[in-house]
Amino acid sequence: MRCLVLLLALILVPVGGHAQSVSNEDLVTALSSDVVSIQSNFTGTEIVIFGQASHIARQPNDPSGYELAIVVEGPPQDITTRRKGRFLGVWVNREAERFQAVPSFYAVASSVDIGMMADRTVLDELGIGLNHINLAVSGVSNVPLSDRDDFRKAFIRLREEAGLYSEQETSIEFLTHTMFRTNIPLPANIPVGDYKVKSFLFHHGEVVSQTEESLAVAKIGFEQITFELAQHYPFFYGVLAVMLAIFTGWLAGVIFRKD
């Protein structure tokens, strides 16, 4: 229903004095679904983000100077990246860097190469692009300052390999002069929680309009019960897991018992 309302809003053009109250730089966006449900057979999915903005560039590098960026961010997490090294012929964990309150999931789509959209300071401030995410580290670290950039690169590379970080430049599709859409893949291992979907309209390197939508990723059914139990009642979750393992072993023994 929400998508239908937006499509009607995009199609119906206001007339009379009300049309003057709408800025030529207004940005309107919506999601194909604002809830992603995770069940035991969940193998990943994707969401469609679509919207409208006046005078938007239909093709990358259009001389009009209007470009788009869409960022999907998962709930913040503290994540530790470790470096392995040899000790007495055995690979062991050595230095470790703990990144604080970083996005558990991050995806960005753009209408042009991200580096061409705005100055680096603007992209850093808005967190647009994998090279511009604010990866704050903990105050206690055994990593030399000269190696911290390597840990940052390794962190992003590992998140990309897991499908949790992605950068899709020039992936926004223009349906008309003003309407656009893009698809953001969500992997099977996507973390649960409340997500933010931020859209930015740039004009010659400056943000002239932006929107923010909410997306909920949640487990349902038995998966949700076990998740909540493990998170809030770990002792009872452990007891239940042991009892379930004992019962399963007993049942298997009864079924396959040889007379």
Side-chain angles (χ1 to χ4, degrees), residues 1-34 46-76 103 105-134 166-186 194-216:
M1 179 63 70
R2 181 181 181 183
C3 297
L4 178 59
V5 171
L6 177 62
L7 288 175
L8 290 175
L10 298 179
I11 295 172
L12 297 177
V13 180
V15 295
H18 296 288
Q20 301 301 321
S21 65
V22 180
S23 169
N24 287 337
E25 296 173 345
D26 276 350
L27 179 64
V28 181
T29 59
L31 310 178
S32 57
S33 175
D34 54 8
E46 65 179 18
I47 59 170
V48 180
I49 305 167
F50 56 94
Q52 180 183 38
S54 298
H55 297 305
I56 202 169
R58 289 192 63 187
Q59 300 294 334
N61 307 318
D62 189 281
S64 66
Y66 283 90
E67 302 295 350
L68 272 169
I70 299 175
V71 175
V72 181
E73 287 187 0
F105 176 88
Y106 180 92
V108 58
S110 62
S111 58
V112 68
D113 291 345
I114 292 175
M116 301 176 60
M117 300 189 71
D119 292 337
R120 184 179 184 87
T121 54
V122 176
L123 297 175
D124 287 343
E125 180 181 356
L126 299 174
I128 300 177
L130 294 179
N131 293 327
H132 306 282
I133 304 175
N134 180 23
S166 64
E167 192 173 75
Q168 305 174 58
E169 296 178 311
T170 67
S171 64
I172 295 180
E173 177 186 2
F174 296 97
L175 306 176
T176 68
H177 286 281
T178 60
M179 296 179 63
F180 61 89
R181 59 165 285 168
T182 190
N183 294 12
I184 300 294
L186 305 178
D194 296 326
Y195 285 60
K196 296 179 180 179
V197 181
K198 305 175 183 178
S199 302
F200 303 91
L201 177 62
F202 287 87
H203 185 230
H204 294 307
E206 295 184 1
V207 177
V208 294
S209 186
Q210 66 184 80
T211 65
E212 182 173 318
E213 302 282 339
S214 297
L215 172 69

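Remember, predicted model here, so these are calculated numbers, not experimental data.
Heavy-atom minimum distance, Asn183 versus Gln168: O-OE1, 3.6 Å. Across all their heavy atoms, Ile172 and Ala109 have their closest contact at CD1-O, 3.9 Å. Between Glu169 and Ser110, the closest heavy-atom pair is CA-OG, 3.3 Å. Shortest non-hydrogen contact noted between His203 and Val208 is CB-CG1, 3.8 Å. When all heavy atoms of Ile114 and Gly129 are compared, the pair lying nearest together is CD1-CA, 3.9 Å. Taking every heavy atom of both residues into account, Pro185 and Phe105 meet most closely at O-CZ, 3.6 Å.
When the side-chain contact (heavy atoms from CB on, under 4.5 Å) test is applied to Ser199, the partners found at least two apart in sequence or on another chain are Leu27, Thr29, Ile70, Thr211. With sequence neighbours excluded, the residues that form a side-chain contact (heavy atoms from CB on, under 4.5 Å) with Gln210 are Phe200, Val207. Applying the salt bridge (charged side-chain N to carboxylate O under 4.0 Å, His left out) criterion to Asp119, with sequence neighbours excluded, gives no partner residue. For Glu173, the side-chain contact (heavy atoms from CB on, under 4.5 Å) partners two or more places apart in sequence, or in a different chain, are Leu175, Arg181. Legend: residues meeting side-chain contact (heavy atoms from CB on, under 4.5 Å) with Glu212, ordered by chain and number and at least two apart, are Lys196, Lys198.
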Would Tyr66 and Ser111 count as a side-chain contact (heavy atoms from CB on, under 4.5 Å) if you check the C-alpha gap in whole Å, the side-chain angles of each, and the deciding distance to 0.1 Å? CA-CA 9 Å; Tyr66 283 90; Ser111 58; over 6 Å; no
Starting from the C-alpha separation in whole Å, work towards a yes-or-no answer on side-chain contact (heavy atoms from CB on, under 4.5 Å) for Phe180 and Thr182. CA-CA 7 Å; Phe180 61 89; Thr182 190; over 6 Å; no
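Between Phe202 and Val112 the shortest side-chain heavy-atom distance does not fall below 4.5 Å. In this structure, the side chains of Leu68 and Leu201 come closer than 4.5 Å at one or more pairs of heavy atoms. Residues Ile47 and Ser32 are in side-chain contact: their nearest non-hydrogen atoms beyond the backbone lie under 4.5 Å apart.
Between the CD atom of Glu73 and the CD1 atom of Ile133 there is a distance of 7.5 Å, given to the nearest 0.5 Å. We find the OH-CD1 distance between Tyr106 and Ile184 to be 10.0 Å, quoted to the nearest 0.5 Å. Separation of atoms CG (Leu31) and CD (Glu213) is listed at 5.0 Å; rounding is to 0.5 Å. The distance from atom CD of Gln52 to atom CG of Asp26, rounded to the nearest 0.5 Å, is 9.5 Å. Atoms OH and CG, from Tyr195 and Leu186 in turn, are 7.5 Å apart once rounded to the nearest 0.5 Å. Once rounded to the nearest 0.5 Å, the distance linking CD of Glu125 with CG of Asn134 reads 11.5 Å.
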